[in-house]
Number of protein chains: 2
Amino acid sequence: MSENDRGTVNAVSPRKPAATIYDIAQLAGVNASTVSRALSTPGRISAKTEQKIHAAAKELNYRVNPAARALLTGRTRTIGLIVADITNPVFFDIVRGAEREAAEHDYTLVLAEFRESAETEMFTARRLIPSVDGLILATSRLEPDEIRGLAEEKPVVVINREVEDITSIVADVAPGVDQAITHLAGLGHTRIAYVAGPQRSWVSHKRWESILAATARSGMEAVELPSEQPVMQAGRAMAPAVLSSGATAVIAYNDLLAIGLMQELIGRSVSVPGDISILGFDNIFGADFTTPGLTSIGSPHTEAGMYAARGILSILDGAPSDQTSHEALVTSLVLRGSTGPRPAV
Amino acid sequence: MSENDRGTVNAVSPRKPAATIYDIAQLAGVNASTVSRALSTPGRISAKTEQKIHAAAKELNYRVNPAARALLTGRTRTIGLIVADITNPVFFDIVRGAEREAAEHDYTLVLAEFRESAETEMFTARRLIPSVDGLILATSRLEPDEIRGLAEEKPVVVINREVEDITSIVADVAPGVDQAITHLAGLGHTRIAYVAGPQRSWVSHKRWESILAATARSGMEAVELPSEQPVMQAGRAMAPAVLSSGATAVIAYNDLLAIGLMQELIGRSVSVPGDISILGFDNIFGADFTTPGLTSIGSPHTEAGMYAARGILSILDGAPSDQTSHEALVTSLVLRGSTGPRPAV
DNA sequence: TTGTACGCGTTATCAT
DNA sequence: ATGATAACGCGTACAA
């Protein structure tokens with residue numbers, strides 16, 4: 001019954017409570033509303049009292065209470081970013097870009113990862129959406145309708161996906177693929193294999209279509225080889241199919257597949273790029289760890305994250321949300337050692 | 001003057017405002033406070049009205065307004081994580097662990113990156129601290145006093161660093177190093193080189209001390225070689241020093257150094273592990289991209305992030321904040337192909 | 001068991 | 001130019 005009963009309270013709060021505008025008002029000898037004005041609408045106040053108020057604020061180490069402000073304004077100055085897998089190297093550049101752009105505009109990034117089903121993703125989105133001003137979905141497995149539903153509550157931007165009525169950030173694959181095919185054509189290759197990603201992957205199809213178009217333009221042949229999963233092990237497993245495809249250059253759906261394939265080929269004493277050239281997509285962290293380094297068609301992931309955050313901010317500023325803005329977001333070829341001249345027959 | 005003047009407003013808010021407990025109260029025909037109780041203190045309410053309220057809440061798709069709750073309770077259910085560099089592979093596992101643990105307890109992770117000076121870090125911390133319940137500093141360059149100052153406002157936990165009076169999460173290097181040295185001893189090595197990290201790095205010294213102790217115990221020699229920066233290029237530059245050191249096995253301060261060194265050695269036709277064995281620290285993403293794969297002394301980064309978040313939560317629950325809790329957080333050896341028998345002389 | 005009333009810190013609308 | 005006051009949504013002590 002004693003006041004010591006709730007020992008937990010004491011243990012947490014030798015912390016001094018944060019100063020409020022009332023504390024400042026008292027210290028500066030003015031009204032709290034004057035303090036608020038001095039701090040949020042500078043210039044509307046006599047220079048002298050403004051001085052005093054700022055001095056008092058600094059002395060008390062004042063910073064606004066975001067909750068109080070949010071309660072009134074409805075804005076949290078926070079952007080949520082939901083990714084499937086934080087440790088996927090494709091994502092941390094996106095995270096970085098979004099965080100950078102947010103911080104630039106004095107916004108804060110809230111990050112969440114869903115590792116399971118679309119159900120988990122929806123759960124996560126629902127959990128986050130009340131506390132953010134907008135939501136970025138970096139690799140959503142949600143249905144278009146679900147995404148549009150979220151967008152009715154708060155601004156939503158998707159990355160690497162196209163959803164009607166939703167702002168989406170997608171890098172244009174064509175330039176990078178064109179560079180890659182031109183590069184390979186210049187090296188004398190005439191038959192290309194594409195190790196595809198997951199059947200359901202919209203991105204994988206886009207990449208394949210782009211390759212088809214570019215090879216056709218260069219008078220080359222292209223063949224698509226289905227793979228199991230976009231991971232290294234699956235890449236290794238593709239070696240036989242690749243070897244029997246007759247292709248002298250392989251483009252894999254992503255770098256992990258490419259690296260696995262390359263390791264397996266080298267393990268079988270197939271020279272890369274002597275006997276076969278290998279390219280990946282994404283230019284992930286570590287693509288330069290391999291020997292030879294992996295030539296890759298890279299997307300500007302950081303920029304994608306930045307544009308996504310910027311998209312949220314501009315919707316908050318009143319822009320329509322259905323504009324797809326891939327402009328200025330293009331892939332490009334990153335040349336390393338895994339591509340070389342077509343072997344003499 | 002017309003009501004169309006503020007066109008921006010219209011553009012943003014075809015969005016329906018979120019439902020409040022008042023909306024639920026009206027729909028269920030009860031008072032708002034009853035709704036609040038039904039939702040936050042289940043059981044204190046007649047089963048029948050509780051049913052009605054929950055039904056109404058579901059129908060209106062109600063979720064609490066975090067700002068309102070935070071204003072009242074002083075808790076945001078949010079944990080801030082500040083890292084120097086999101087794209088450093090050591091960090092995303094930390095991020096993942098912290099996010100996972102936070103989500104587990106219905107907390108949300110706020111992420112911020114400072115890429116510059118300690119000044120930027122302090123600025124970032126100050127920006128974040130009003131809106132979070134606690135702060136994790138993953139690689140702080142702040143002075144101990146600065147960190148303690150932050151800890152006066154909100155719970156603070158540091159990772160990979162020890163600060164007096166501050167909960168710190170540091171993996172115990174010894175077990176991993178012991179395993180590594182035992183492994184190398186078993187392979188016949190007797191002279192080890194340590195390619196050190198930055199002079200000022202507390203972690204690098206710890207690693208060196210641990211190596212010294214372990215090698216002494218095994219009757220081996222160890223020599224420390226200073227490097228410029230913990231990056232691949234610097235690792236490449238270490239090749240001559242390593243070769244002239246007389247060591248048959250090298251442990252690098254981190255995997256990037258190790259990979260750079262390995263690439264350079266292989267480029268000089270030095271066989272790895274035939275002529276020299278190489279180990280790194282951290283077991284980063286991509287350590288298996290190299291040929292041979294890099295043997296590395298790994299830390300459980302995900303767990304570190306989890307423990308850090310858990311530390312914040314337990315301080316919030318009333319635990320003292322000065323307990324250093326490295327228990328159960330130990331390094332271990334991840335064996336790959338870059339280590340092998342000592343070459344015959 | 002349920003309703004009433006107040007306060008959290010801030011901004012905005014009045015009035016002075 | 002500045003002070004007084006209401007309002008944001010929620011939780012809770014108190015009253016009924």
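These numbers were taken from a predicted model, which means no experiment stands behind them. Here is how names work: the chains are called A, B, and so on, in the same order as the sequence lines, proteins then strands, and each is numbered from 1.
Salt bridge Glu99(A)/Arg115(B): present, at least one basic N to carboxylate O contact under 4.0 Å. With respect to Glu104(B) and Arg310(B), no salt bridge is recorded, no charged nitrogen being found less than 4.0 Å from a carboxylate O.
Closest of all the heavy-atom pairs between Ala84(B) and Glu113(B) is O-CG, 3.5 Å. When all heavy atoms are compared, the tightest approach of Asp85(B) to Phe91(B) is O-CD1, 2.8 Å. When all heavy atoms are compared, the tightest approach of Arg96(B) to Ile86(A) is CA-CD1, 3.9 Å. Of all the heavy atoms in Leu313(B) and Ile79(B), the pair that sits closest is CD2-CD1, 4.1 Å.
With Glu153(A) contributing its side chain and Ile129(A) its backbone, the two residues share no donor-acceptor pair below 3.5 Å.
Atom CG in Leu39(B) sits roughly 12 Å away from atom C1' in dG11(D) (whole-Å rounding). Counting to the nearest Å, the P atom of dC10(D) and the CZ atom of Arg37(B) are 15 Å from each other. For the pair Arg75(B) CZ and dG9(D) P, the interatomic distance rounds to 24 Å; values are reported in whole Å.
The side chain of Ser33(A) places no N or O atom within less than 4.0 Å of a non-bridging phosphate oxygen (OP1 or OP2) of dT2(D). Side-chain N/O atoms of Asn31(A) include one lying less than 4.0 angstrom from OP1 or OP2 on dA4(D).
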Is there any protein nitrogen or oxygen under 3.5 Å from a nitrogen or oxygen in nucleotides 6-10 of chain C, and what are the pairs?
from, atom 1, to, atom 2, distance (Å)
dG9(C), N2, Ala68(A), O, 3.4
dT10(C), OP1, Tyr62(A), OH, 2.5
dT10(C), OP1, Asn65(A), N, 3.2
dT10(C), OP2, Ile21(A), N, 2.7

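Each of Leu81(B), Ile82(B), Val158(B) was compared with Leu135(B) under the side-chain contact (heavy atoms from CB on, under 4.5 Å) criterion, and only Ile82(B) meets it.
Listed by residue number, the members of residues 45-61 of chain A with any heavy atom below 4.0 angstrom from DNA chain D are Ile45(A), Ser46(A), Thr49(A).
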